[in-house]
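Written out below as structure tokens is the structure these notes cover.
Quick caveat, the model's predicted, so the values are computed rather than measured.
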Amino acid sequence: MSAHIILASGSEIRAQLLRNAGIDIDQIPAKVDEASIKASLLAEAASPRDIADALAEAKARKVSGKHPDALVLGCDQVLDFNGKILSKPKSAEEALTQLSEMRGKRHMLLSAAVIYRAGEPIWRHVGQVRLQMRQCSDDYLQAYVARNWDSIRHCVGAYKLEEEGVRLFTNIEGSYFNVLGLPLLELINYLGLQGAIEQ
């Protein structure tokens, strides 16, 4: 028998990945102050991995409090560039600055997922992907941001691999699902073992 699963996120891509995998979910975005959580953890010199995990947990915990019988999935993604966290760009200019800094170099995407039930964490995973960015020209990066700003404004790193952003990279090591913000294979394994989904 399938469990009641809630995605504590407004992310359309995460919801689509789960539904495409045949997992029936409800979607209830968690209202948490991500900026203050991140600022507090950065002040304590927390690692990017720990920050991604803490943000995912905060979302799951918030929604689980009102839906104790459900499996509540909280997610977050952080970009680790040489130990520094890059957030979603606030402007096209900031997107261009981020991409210019990262070109020709490697960075890592950390996609955290935490499941809560009855107000307690019962599973967590942080997927990692290493990406090597191409040495793009200034002209190309400027044109890329101008063409794609409406689409990339909500993305850490200012790119979407499922769109033109794939042209920015020479090598990617890790699961494509982690790039999209969800460690889907590990999540499916866990839900199957728990009998929450058919397998």
*Exceeds 12 heavy-atom contacts within 6.0 angstrom, atom CZ of R130*: no
*For residues F169 and M133, report the shortest heavy-atom separation together with the two atoms involved.*
CD2-CA, 3.8 Å
*Please check if F81 and I172 belong to a single hydrophobic cluster, counting links between Ile, Leu, Val, Met, Phe, Trp and Tyr side chain heavy atoms closer than 4.5 Å.*
yes
*Not counting sequence neighbours, which residues clear side-chain contact (heavy atoms from CB on, under 4.5 Å) with R167? List them please.*
Y140, E164
*Can you spot which of K62, H67, R61 makes a side-chain contact (heavy atoms from CB on, under 4.5 Å) with Y116?*
R61
*Shortest non-hydrogen contact from A113 to P183?*
CB-CG, 3.8 Å
*Examine L184 and I115 and state if one hydrophobic cluster contains both, with Ile, Leu, Val, Met, Phe, Trp and Tyr joined whenever side-chain heavy atoms are less than 4.5 Å apart.*
yes
*For S87, which of E34, E94, K38 qualifies under side-chain hydrogen bond (donor to acceptor under 3.5 Å, both in side chains)?*
K38
*Quick one: do I25 and L73 satisfy side chain to side chain contact (heavy atoms under 4.5 Å, CB included)? Show the steps, please.*
CA-CA 10 Å; I25 60 162; L73 173 64; over 6 Å; no
*Check against side chain to side chain contact (heavy atoms under 4.5 Å, CB included), I197 and I188*: CA-CA 8 Å; I197 58 172; I188 287 171; 4.1 Å; yes
_Check whether R49 reaches the backbone of L110 with its side chain - one donor and one acceptor, N or O, closer than 3.5 Å._
no
*Which residues satisfy the side-chain hydrogen bond (donor to acceptor under 3.5 Å, both in side chains) test with S111, sequence neighbours excluded?*
Q77
*Which heavy atom in E12 sits nearest to a heavy atom in Q27, and how many Å separate them?*
N-NE2, 4.5 Å
*Cut-off 3.5 Å, side chains only: do H4 and D26 have a donor facing an acceptor?*
yes
_Quick one, L193 with W123, criterion side chain to side chain contact (heavy atoms under 4.5 Å, CB included). Give me CA distance, side-chain angles, the key distance, then yes/no._
CA-CA 12 Å; L193 288 171; W123 178 82; over 6 Å; no
_Reported CD-to-NZ distance for the pair Q132 and K105, which is rounded to 0.5 angstrom_ = 10.5 Å
_Where at least one partner belongs to residues 71-88, residue pairs that pass salt bridge (charged side-chain N to carboxylate O under 4.0 Å, His left out), sequence neighbours excluded_ = K59-D76, K84-E101
_R124: side-chain hydrogen bond (donor to acceptor under 3.5 Å, both in side chains) partners, not counting sequence neighbours_ = D53, E57
*With L161, which of V179, L180, L168 fulfils side-chain contact (heavy atoms from CB on, under 4.5 Å)?*
V179
*Atom SG in C75, atom CG in L187: separation rounded to 0.5 Å?*
7.5 Å
*Among I85, L109, L86, find the one that has a side-chain contact (heavy atoms from CB on, under 4.5 Å) with V156.*
L109
*When clusters are formed by joining ILVMFWY residues with side-chain heavy atoms under 4.5 Å apart, either directly or through shared neighbours, do L71 and I23 land in the same one?*
yes
*Residue pair Y144 / K160: nearest heavy atoms and the distance that separates them*: OH-N, 3.9 Å
*Can you name the nearest heavy-atom pair linking V72 to A60, along with the distance?*
CG1-O, 3.6 Å
_Reference residue I5; test side-chain contact (heavy atoms from CB on, under 4.5 Å); the match among L18, L191, D24_ = L191
_Checking V32 against L55 for the side chain to side chain contact (heavy atoms under 4.5 Å, CB included) test, could you report, in this order, the C-alpha distance in whole Å, the side-chain angles of both residues, the deciding distance, and whether it holds?_
CA-CA 9 Å; V32 298; L55 288 166; 5.8 Å; no
_hydrophobic_cluster_shared for V126 and I51, side chain cutoff 4.5 Å_ = no
*asked:* Suppose we screen for salt bridge (Lys or Arg N to Asp or Glu O under 4.0 Å). Which residues come up paired with D138, at least two apart in sequence or across chains?
replied: R103
*asked:* Hydrophobic clusters here meaning ILVMFWY residues chained together by side-chain heavy-atom distances under 4.5 Å, can you tell me if V63 and I37 are in one?
replied: no
*Closest contact, heavy atoms only, G104 versus Q135*: CA-OE1, 3.5 Å
_I need the I28 CD1 to S9 OG distance, nearest 0.5 Å._
12.0 Å
*Between F177 and H125, does the ring centroid distance fall short of 6.0 Å?*
no
*Mind checking the CD-CD spacing from Q142 to E93? Nearest 0.5 Å is all I need.*
10.5 Å
*Pairs in or reaching into residues 106-115: which pass salt bridge (charged side-chain N to carboxylate O under 4.0 Å, His left out), with residues at least two apart or in two chains?*
R106-E173
